[in-house]
Participant: 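Here you go, one structure.
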Amino acid sequence: MTSIGRVTGDREVVVPLLVHAENGADRQVDALLDTGFNGYLALPAHMIESLELHRLGREQVTLASGKTHLVGKYEATLAFGGTVHSVEVVEAGEPLVGMALVWGFDLRIQCIDGGQVALERLS
């Protein structure tokens with residue numbers, strides 16, 4: 001299994017990601033794992049701008065509250081799970097990793113402060 005993150009004392013799963021920027025200024029992003037988010041990655045507008053991500057258009061998203069919003073949709077390249085992925089990114093208030101990014105993996109979370117978060121590709 002490959003370690004991909006950690007559990008905080010606030011009971012959040014933090015996954016550090018290296019997002020490749022169009023301008024060559026790659027950025028380390030600490031994203032929260034959100035199992036209620038079925039997309040790949042969500043980033044705040046200021047991060048999307050600084051990474052100069054390629055805009056794909058707009059997408060309607062439904063929040064946990066049930067409200068829908070029309071947000072920007074972008075494309076990013078990132079290293080995750082031992083491979084490089086091209087993923088869709090939606091604009092959000094904070095960095096989030098969604099279920100689409102961990103789909104096809106066995107995800108293990110040690111639910112204690114400082115616990116390890118690890119994954120292994122399913123065959």
Side-chain angles (χ1 to χ4, degrees):
M1 295 203 93
T2 303
S3 178
I4 62 158
R6 68 188 186 291
V7 177
T8 71
D10 292 330
R11 300 177 182 155
E12 295 177 326
V13 175
V14 177
V15 179
L17 300 170
L18 181 62
V19 182
H20 301 291
E22 291 294 318
N23 61 10
D26 296 352
R27 182 169 184 168
Q28 180 80 29
V29 175
D30 285 339
L32 298 178
L33 177 63
D34 182 350
T35 59
F37 170 39
N38 63 0
Y40 289 92
L41 181 63
L43 294 174
H46 69 90
M47 285 186 184
I48 291 169
E49 288 174 22
S50 70
L51 290 163
E52 298 180 8
L53 298 183
H54 174 72
R55 185 178 175 97
L56 299 174
R58 297 182 67 76
E59 182 169 312
Q60 186 168 329
V61 297
T62 304
L63 304 179
S65 67
K67 292 184 179 184
T68 59
H69 289 278
L70 193 60
V71 299
K73 181 169 72 170
Y74 303 84
E75 181 179 32
T77 303
L78 55 91
F80 180 79
T83 60
V84 175
H85 302 264
S86 178
V87 300
E88 288 183 358
V89 176
V90 293
E91 195 174 314
E94 64 184 322
L96 301 172
V97 167
M99 289 299 291
L101 193 58
V102 296
W103 196 255
F105 289 92
D106 176 9
L107 177 67
R108 305 239 177 133
I109 302 171
Q110 294 176 334
C111 296
I112 57 172
D113 186 10
Q116 183 179 10
V117 180
L119 57 78
E120 181 175 17
R121 185 170 295 282
L122 294 170
S123 50

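The figures that follow rest on heavy atoms only: side chains count, while hydrogens, waters and symmetry mates do not.
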Participant: Are V90 and L43 connected, step by step, through hydrophobic side chains (Ile, Leu, Val, Met, Phe, Trp, Tyr) whose heavy atoms are closer than 4.5 Å?
Facilitator: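 No, because V90 and L43 fall into different hydrophobic clusters, even though each may have its own neighbours under 4.5 Å.
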Participant: Distance check, rounded to the nearest 0.5 Å: L70 atom CG versus E91 atom CD?
Facilitator: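 One gets 10.0 Å once the value is rounded to the nearest 0.5 Å.
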Participant: Identify the heavy atoms of L107 and L33 that sit nearest to each other, and give their distance.
Facilitator: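 Heavy atoms of L107 and L33 come nearest at CD2-CD2, 3.7 Å.
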Participant: Taking all heavy atoms of A42 and all of A92, pick out the closest pair and write down the distance.
Facilitator: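 That closest heavy-atom pairing would be CB-CB, 3.6 Å.
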Participant: Using the rule side chain to side chain contact (heavy atoms under 4.5 Å, CB included), only one of D34, L17, L32 pairs with V97; which is it?
Facilitator: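 Filter result, single survivor: L17.
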Participant: Step by step, would you call V7 with I112 a side-chain contact (heavy atoms from CB on, under 4.5 Å)?
Facilitator: CA-CA 7 Å; V7 177; I112 57 172; over 6 Å; no
Participant: Among I109, V13, V14, which one satisfies side chain to side chain contact (heavy atoms under 4.5 Å, CB included) with R6?
Facilitator: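 Of all the options given, the one that passes is V14.
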Participant: Report the distance from atom CD of E75 to atom NZ of K73, rounding to the nearest 0.5 Å.
Facilitator: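 Rounded to the nearest 0.5 Å, the CD-NZ separation comes to 10.5 Å.
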Participant: So, for Q28 and L18, which heavy atoms are closest and what is the spacing to 0.1 Å?
Facilitator: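 In terms of heavy atoms, the two residues are closest at N-CD1, 4.2 Å.
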Participant: Does F37, at its CZ atom, have more than 12 non-hydrogen atoms belonging to other residues, nucleotides or ligands within less than 6.0 Å?
Facilitator: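 Count over threshold, so yes.
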Participant: Test: side-chain hydrogen bond (donor to acceptor under 3.5 Å, both in side chains). Region: residues 97-113. Which pairs qualify, not counting sequence neighbours?
Facilitator: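 Counting only pairs at least two positions apart or across chains, the side-chain hydrogen bond (donor to acceptor under 3.5 Å, both in side chains) contacts touching residues 97-113 are D106-R108.
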Participant: Run L78 and V29 through side-chain contact (heavy atoms from CB on, under 4.5 Å) and show every step you take.
Facilitator: CA-CA 10 Å; L78 55 91; V29 175; over 6 Å; no
Participant: When rounded to the nearest 0.5 angstrom, what is the spacing between OH in Y74 and CD in E49?
Facilitator: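 CD of E49 is found 7.5 Å from OH of Y74.
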Participant: Calculate, to the nearest 0.5 Å, the distance between atoms CG and CE belonging to N38 and M99 respectively.
Facilitator: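 So the CG of N38 and the CE of M99 are separated by 9.5 Å.
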Participant: Would R121 and T83 count as a side-chain contact (heavy atoms from CB on, under 4.5 Å) here? Give the steps.
Facilitator: CA-CA 11 Å; R121 185 170 295 282; T83 60; 3.9 Å; yes
Participant: Can you measure from CG (L41) to NE2 (H85) and round to the nearest 0.5 angstrom?
Facilitator: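 Going from the CG atom of L41 to the NE2 atom of H85 covers 11.5 Å.
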Participant: Tell me the closest heavy-atom pair linking E88 and Y40, and the distance in Å.
Facilitator: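 Looking at all heavy atoms of both residues, the shortest contact is O-CB, 3.5 Å.
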Participant: I need the minimum non-hydrogen distance between Q116 and S3, along with the two atoms involved.
Facilitator: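 Nearest pair, atom of Q116 first, then S3: NE2-CB, 3.2 Å.
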Participant: Starting from V87, can I reach L96 by hopping between I/L/V/M/F/W/Y residues whose side chains sit under 4.5 Å apart?
Facilitator: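 Shared cluster, no.
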Participant: I need the T77 OG1 to L51 CG distance, nearest 0.5 Å.
Facilitator: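 CG of L51 is found 10.5 Å from OG1 of T77.
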Participant: Going through the distances and angles, do V15 and F80 end up as a side-chain contact (heavy atoms from CB on, under 4.5 Å)?
Facilitator: CA-CA 10 Å; V15 179; F80 180 79; 4.0 Å; yes
Participant: Any idea which heavy atoms bring P16 and I4 closest together, and the distance?
Facilitator: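 For P16 and I4, the tightest heavy-atom pair comes out as CD-O, 3.2 Å.
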